[in-house]
Asker: 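First, the structure itself, so that you have it in front of you.
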Amino acid sequence: MIRLRDLEVRAGSSVLVRRASLDVAPGELVALVGASGSGKTMTARALLGLTSVRPGVTAGSLEIRVDGALTCPFEEGWSSLHGPVLGYLPQDARGGLDPLWSIGDLVSECLVLAERPGDPRPWLRRAGFARPDRVATLFAHELSGGMAQRASIACALARGAQFLVADEPTTGLDPTVQEGILEELAEVAKGGVGVLLITHDLRVVRRHADRVLVMHEGSIVEQCSVADLESLASEPARALLAATARIAGGTLG
């Protein structure tokens with residue numbers, strides 16, 4: 001379980017995130033939604049240890065429990081958690097892949113780091129590649145955006161990540177590829193990995209998430225199960241619902 005409580009992130013005198021709390025359980029896909037600039041990515045970066053602590057993160061607690069062991073990384077640091085516990089899927093997945101290594105070698109190295117060296121192809125297949133033999137020979141510059149996202153998923157799974165933070169992973173991808181990536185993330189969650197999906201698209205939430213949290217001006221203002229999506233009552237949530245429905249032709253899918 002990941003349990004974040006009362007997170008506050010500051011930049012000088014500006015409060016970027018205020019008293020944000022969330023949970024992510026194994027096998028659960030939680031969507032954190034909100035308009036651009038609402039604090040979604042800053043919250044994710046703090047959770048991953050990519051934001052400095054004091055200054056930066058100035059308040060809050062983070063607990064990560066895996067196999068009965070409890071870690072409080074705001075106090076202890078994140079170095080031992082990256083990879084074997086926390087995985088990250090950024091918007092620009094290609095930029096996170098070493099350009100000098102083939103995809104197969106990258107996944108193989110992740111398996112070595114996880115102390116279980118082996119064939120990278122099953123992990124590429126698990127990430128949605130129908131032809132893992134071919135993909136294993138390619139380099140980052142030879143991948144499309146969707147292929148780079150799947151390669152990043154394969155690396156995270158091979159490394160052993162039990163929680164995956166996906167920050168707008170379908171940005172810039174065509175609708176068919178977007179749906180494929182989201183389906184892979186849903187399958188990852190079904191396999192027992194907790195997924196925190198950062199997005200502003202409520203259509204994504206309806207099809208793939210278990211719960212949704214709405215963020216506005218640095219605060220999480222409302223949350224509900226996906227089944228109760230239309231019951232969201234806060235002004236930011238209603239505005240997001242209305243805007244999404246207009247774009248989607250009156251339906252969230």
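It should be emphasised that the depicted structure is a prediction, and the values quoted were computed from it without experimental measurement.
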Asker: For residues V226 and R206, determine if any side-chain heavy atom of one lies less than 4.5 Å from a side-chain heavy atom of the other.
Answerer: yes

Asker: Please check if the number of heavy atoms outside R116 that lie under 6.0 Å from its CZ is greater than 12.
Answerer: yes

Asker: When you compare the side chain of L197 with that of L182, does any pair of heavy atoms fall below 4.5 Å?
Answerer: yes

Asker: Decide whether H200 and E168 meet the rule of one side-chain donor and one side-chain acceptor closer than 3.5 Å.
Answerer: yes

Asker: Pairs of donor and acceptor atoms involving the side chains of residues 31-38, under 3.5 Å and at least two apart or interchain, shall be tabulated with distances.
Answerer:
{"residue": "S38", "atom": "OG", "partner": "A35", "partner atom": "O", "Å": "2.8"}

Asker: Decide yes or no on salt bridge (Lys or Arg N to Asp or Glu O under 4.0 Å) for E28 and K190, but give the supporting numbers first.
Answerer: CA-CA 8 Å; E28 183 179 37; K190 289 177 184 177; over 6 Å; no

Asker: So, E8 and R10, do they make that salt bridge, N to O below 4.0 Å?
Answerer: yes

Asker: Where do I220 and S21 come nearest, in terms of heavy atoms and distance?
Answerer: CD1-O, 3.3 Å

Asker: Is there a path of hydrophobic side-chain contacts, each under 4.5 Å between heavy atoms of I/L/V/M/F/W/Y residues, joining I103 to L113?
Answerer: no

Asker: Do L81 and P73 have side-chain heavy atoms sitting under 4.5 Å apart?
Answerer: yes

Asker: To the nearest 0.5 Å, what is the distance between CG (L164) and CD1 (I153)?
Answerer: 7.0 Å

Asker: To the closest 0.5 Å, what do you measure between CG (L106) and OG (S108)?
Answerer: 8.5 Å

Asker: Counting N and O atoms only, with roles assigned by atom type, does the side chain of E222 sit under 3.5 Å from a partner on the main chain of A233, one being a donor and the other an acceptor?
Answerer: yes

Asker: Looking at every heavy atom in both V195 and V24, which two are closest together, and how far apart are they?
Answerer: N-CG1, 3.9 Å

Asker: Which pair of heavy atoms, one from L48 and one from Y88, lies closest together, and at what distance?
Answerer: CD1-CD1, 3.4 Å

Asker: Just how far is it from atom CZ of R18 to atom OG1 of T58, taken to the nearest 0.5 Å?
Answerer: 10.5 Å

Asker: Check whether any side-chain N or O of Q149 sits under 3.5 Å from a backbone N or O of P169 as a donor-acceptor pair, and report yes or no.
Answerer: yes

Asker: Nearest 0.5 angstrom please: F139 CZ to L100 CG, how far?
Answerer: 8.0 Å

Asker: Will you find, in the side chains of D105 and S102, an N or O donor that is under 3.5 Å from an N or O acceptor?
Answerer: yes

Asker: In terms of hydrophobic clustering (I, L, V, M, F, W, Y; side-chain heavy atoms under 4.5 Å; direct or indirect links), are L50 and I2 co-clustered?
Answerer: yes

Asker: So, do R211 and C224 sit near enough that their side-chain heavy atoms are less than 4.5 Å apart?
Answerer: no

Asker: Could you pull out the closest heavy-atom pair between S152 and L89, with the gap in Å?
Answerer: CB-CD1, 3.3 Å

Asker: Locate the shortest heavy-atom distance separating G118 from L111; write the atom from each residue and the value.
Answerer: O-CD1, 3.6 Å

Asker: Side chains of L138 and L143, heavy atoms from C-beta outward: is any pair under 4.5 Å?
Answerer: yes

Asker: Could you grab the distance from atom SG of C72 to atom CD1 of I64, nearest 0.5 Å is fine?
Answerer: 9.0 Å

Asker: Would Q162 and D67 count as a side chain to side chain contact (heavy atoms under 4.5 Å, CB included) here? Give the steps.
Answerer: CA-CA 10 Å; Q162 299 193 45; D67 298 330; 4.2 Å; yes

Asker: Show the numbers, then the answer: is there a salt bridge (Lys or Arg N to Asp or Glu O under 4.0 Å) between R207 and E179?
Answerer: CA-CA 10 Å; R207 293 193 300 271; E179 186 65 16; 3.2 Å; yes

Asker: Is there a side-chain contact between L157 and V193, using heavy atoms and a 4.5 Å cut-off?
Answerer: yes

Asker: Can M42 be reached from V15 by stepping across I, L, V, M, F, W or Y side chains whose heavy atoms are under 4.5 Å apart?
Answerer: no

Asker: May I ask you to test the T51-V9 pair for a side-chain heavy-atom distance under 4.5 Å?
Answerer: yes

Asker: Less than 4.5 Å apart, side chain to side chain, heavy atoms only: is that true for E109 and D98?
Answerer: no

Asker: Throw together a table of side-chain donor-acceptor distances under 3.5 angstrom for residues 123-135, partners on residues two or more places apart or in other chains.
Answerer:
{"residue": "D133", "atom": "OD1", "partner": "R121", "partner atom": "NH1", "Å": "2.8"}

Asker: Nearest 0.5 Å, what's the CG-CZ distance between L97 and R94?
Answerer: 8.5 Å

Asker: Identify whether the distance between the nearest side-chain nitrogen and carboxylate oxygen of R5 and D23 falls below 4.0 Å.
Answerer: yes

Asker: Salt bridge check: are R238 and E235 linked by an N-O gap of less than 4.0 Å?
Answerer: no

Asker: Check the hydrophobic clustering (I, L, V, M, F, W, Y; side-chain heavy atoms under 4.5 Å; chains of links allowed) and say if V165 and M1 are grouped together.
Answerer: no

Asker: Testing V17, I198, L22 one by one against M215 for a side chain to side chain contact (heavy atoms under 4.5 Å, CB included), which residue passes?
Answerer: V17

Asker: Testing the basics here: between G146 and I181, what is the closest heavy-atom pair and its distance to 0.1 Å?
Answerer: O-CD1, 3.5 Å

